[in-house]
Amino acid sequence: TQAKDLRSTLYYVAAVGVLVFGLSYAAVPLYRIFCQSYSYGGTVQQNTDAEKVAELTPVKDRKIAITFNADTSAMVWNFKPMQRKIEVIPGETALAFYSARNPTDKAVVGVSTYNVLPFEAGQYFNKIQCFCFEEQMLNPKEEVQMPVFFYIDPEFADDPAMDNVENITLSYTFFEAKPGMDIPLPGFLRK
């Protein structure tokens, strides 16, 4: 019976080890899905509901400066916003562009992620169209312009926590996509 108890304990320890390993492996995609679903950590909402966009009511007395930032992580591209800052009002759509250039002599595939600062404003920042989470292949010396079509939800103006927010930063980071890399997307981003 002592050998049976030892074997049983060993099975429980092994099961816990496998569970911990599995959870650590799944932590990053699960965290990203959580952040994108609940606008946590500066991630923004993806909203392609044309009817809702058409019915937006602009809040004319509230202007917000949107600052654009671009970074690369272990990536050879030249990546930058085509405008540093624009002024928007909640409830009105806006269009901005980023530029990416591959200065190398080989094709490079990249994927971008994004966030919004201050983090609390992420829930009001709605992207209608963007290039995030989609692989972008640039041929040698190729340069492209990538649009971001967005709006700030009019409810932004009614939130007391946003009263002192006059500037929102939209930041994208591009990194090189490796062969076989799969980025899980939350359901609301799948087409």
Side-chain angles (χ1 to χ4, degrees), residues 25-54 56 64 66-86 88 92-119 121-153 156 168-191:
Y25 180 76
V28 172
L30 291 174
Y31 181 72
R32 179 174 37 225
I33 290 167
F34 169 78
C35 289
Q36 290 169 339
S37 296
Y38 295 100
S39 297
Y40 185 77
T43 58
V44 301
Q45 296 290 319
Q46 180 86 8
N47 193 339
T48 55
D49 185 357
E51 190 173 305
K52 180 176 180 179
V53 173
L56 287 174
I64 306 161
I66 307 295
T67 304
F68 300 93
N69 181 58
D71 295 303
T72 57
S73 179
M75 177 70 146
V76 295
W77 288 1
N78 300 324
F79 177 56
K80 62 185 179 186
M82 296 188 68
Q83 62 288 302
R84 283 284 169 209
K85 187 181 279 193
I86 61 173
V88 300
E92 238 176 36
T93 59
L95 182 63
F97 288 89
Y98 282 79
S99 170
R101 182 176 182 279
N102 177 5
T104 69
D105 292 327
K106 65 178 183 120
V108 177
V109 177
V111 176
S112 68
T113 60
Y114 60 86
N115 71 356
V116 169
L117 293 173
F119 292 144
Q123 64 185 317
Y124 299 109
F125 199 106
N126 290 270
K127 290 186 301 158
I128 300 167
Q129 176 188 358
C130 82
F131 51 87
C132 54
F133 298 114
E134 295 178 8
E135 288 189 350
Q136 310 286 331
M137 185 180 85
L138 294 186
N139 290 314
K141 312 294 186 205
E142 182 180 12
E143 184 170 355
V144 296
Q145 295 178 359
M146 297 174 283
V148 179
F149 191 36
F150 67 94
Y151 68 91
I152 306 297
D153 195 304
F156 176 92
I168 295 174
T169 301
L170 176 61
S171 181
Y172 280 91
T173 301
F174 252 106
F175 58 95
E176 190 170 346
K178 304 295 182 193
M181 186 173 98
D182 186 28
I183 300 175
L185 294 175
F188 67 90
L189 284 179
R190 293 187 196 123
K191 294 178 181 167

Next item on the list: Go through Ile168 and Phe156 one step at a time and tell me if the side-chain contact (heavy atoms from CB on, under 4.5 Å) criterion holds.
Entry: CA-CA 12 Å; Ile168 295 174; Phe156 176 92; 4.0 Å; yes
Compare every heavy atom of [Y] with every heavy atom of [X], then report the nearest pair and how far apart it is.
X      : Y      : value
Ile86  : Ala94  : CD1-CB, 4.1 Å
Pro103 : Arg101 : CD-O, 3.2 Å
Glu142 : Asn139 : OE1-N, 2.7 Å
Leu170 : Tyr98  : O-OH, 3.2 Å
Gln145 : Pro147 : O-CD, 3.9 Å

Next item on the list: Could I get the full list of salt bridge (Lys or Arg N to Asp or Glu O under 4.0 Å) partners for Glu92, not counting sequence neighbours?
Entry: Lys60
Could you pull out every donor-acceptor pair under 3.5 Å between side chains of residues 75-84 and any protein atom, sequence neighbours left out?
| unit_1 | atom_1 | unit_2 | atom_2 | d |
| --- | --- | --- | --- | --- |
| Gln83 | OE1 | Phe97 | N | 3.3 |
| Gln83 | NE2 | Phe97 | O | 3.0 |

Restricting to side chain to side chain donor-acceptor pair (under 3.5 Å), what partner residues turn up for [X], sequence neighbours left out?
X      : answer
Ser171 : Asn69
Glu143 : Ser99
Ser73  : none
Thr67  : Asn167

Next item on the list: Starting from the C-alpha separation in whole Å, work towards a yes-or-no answer on side-chain contact (heavy atoms from CB on, under 4.5 Å) for Val108 and Leu138.
Entry: CA-CA 6 Å; Val108 177; Leu138 294 186; 5.7 Å; no
Check: Just by distance, do the side chain of Asn126 and the backbone of Tyr124 share a donor-acceptor pair under 3.5 Å?
Finding: yes
Gap separating the [atom1] atom of [X] from the [atom2] atom of [Y], nearest 0.5 angstrom:
X      : Y      : atom1 : atom2 : answer
Asn115 : Thr169 : CG    : OG1   : 9.0 Å
Asn102 : Lys141 : CG    : NZ    : 7.5 Å
Tyr151 : Thr93  : OH    : OG1   : 10.0 Å
Asp71  : Phe174 : CG    : CZ    : 12.0 Å
Thr173 : Tyr114 : OG1   : OH    : 12.5 Å
Met146 : Tyr172 : CE    : OH    : 9.5 Å

Notebook entry, point to check: Stepwise, does the side-chain contact (heavy atoms from CB on, under 4.5 Å) test hold for Phe175 with Thr113?
Noted result: CA-CA 8 Å; Phe175 58 95; Thr113 60; 3.7 Å; yes
Note to self: What verdict does the side-chain contact (heavy atoms from CB on, under 4.5 Å) test give for Phe68 and Val148, after you've listed the backbone C-alpha separation in whole Å, the side-chain angles of each residue and the deciding distance to 0.1 Å?
What the structure shows: CA-CA 11 Å; Phe68 300 93; Val148 179; 5.8 Å; no
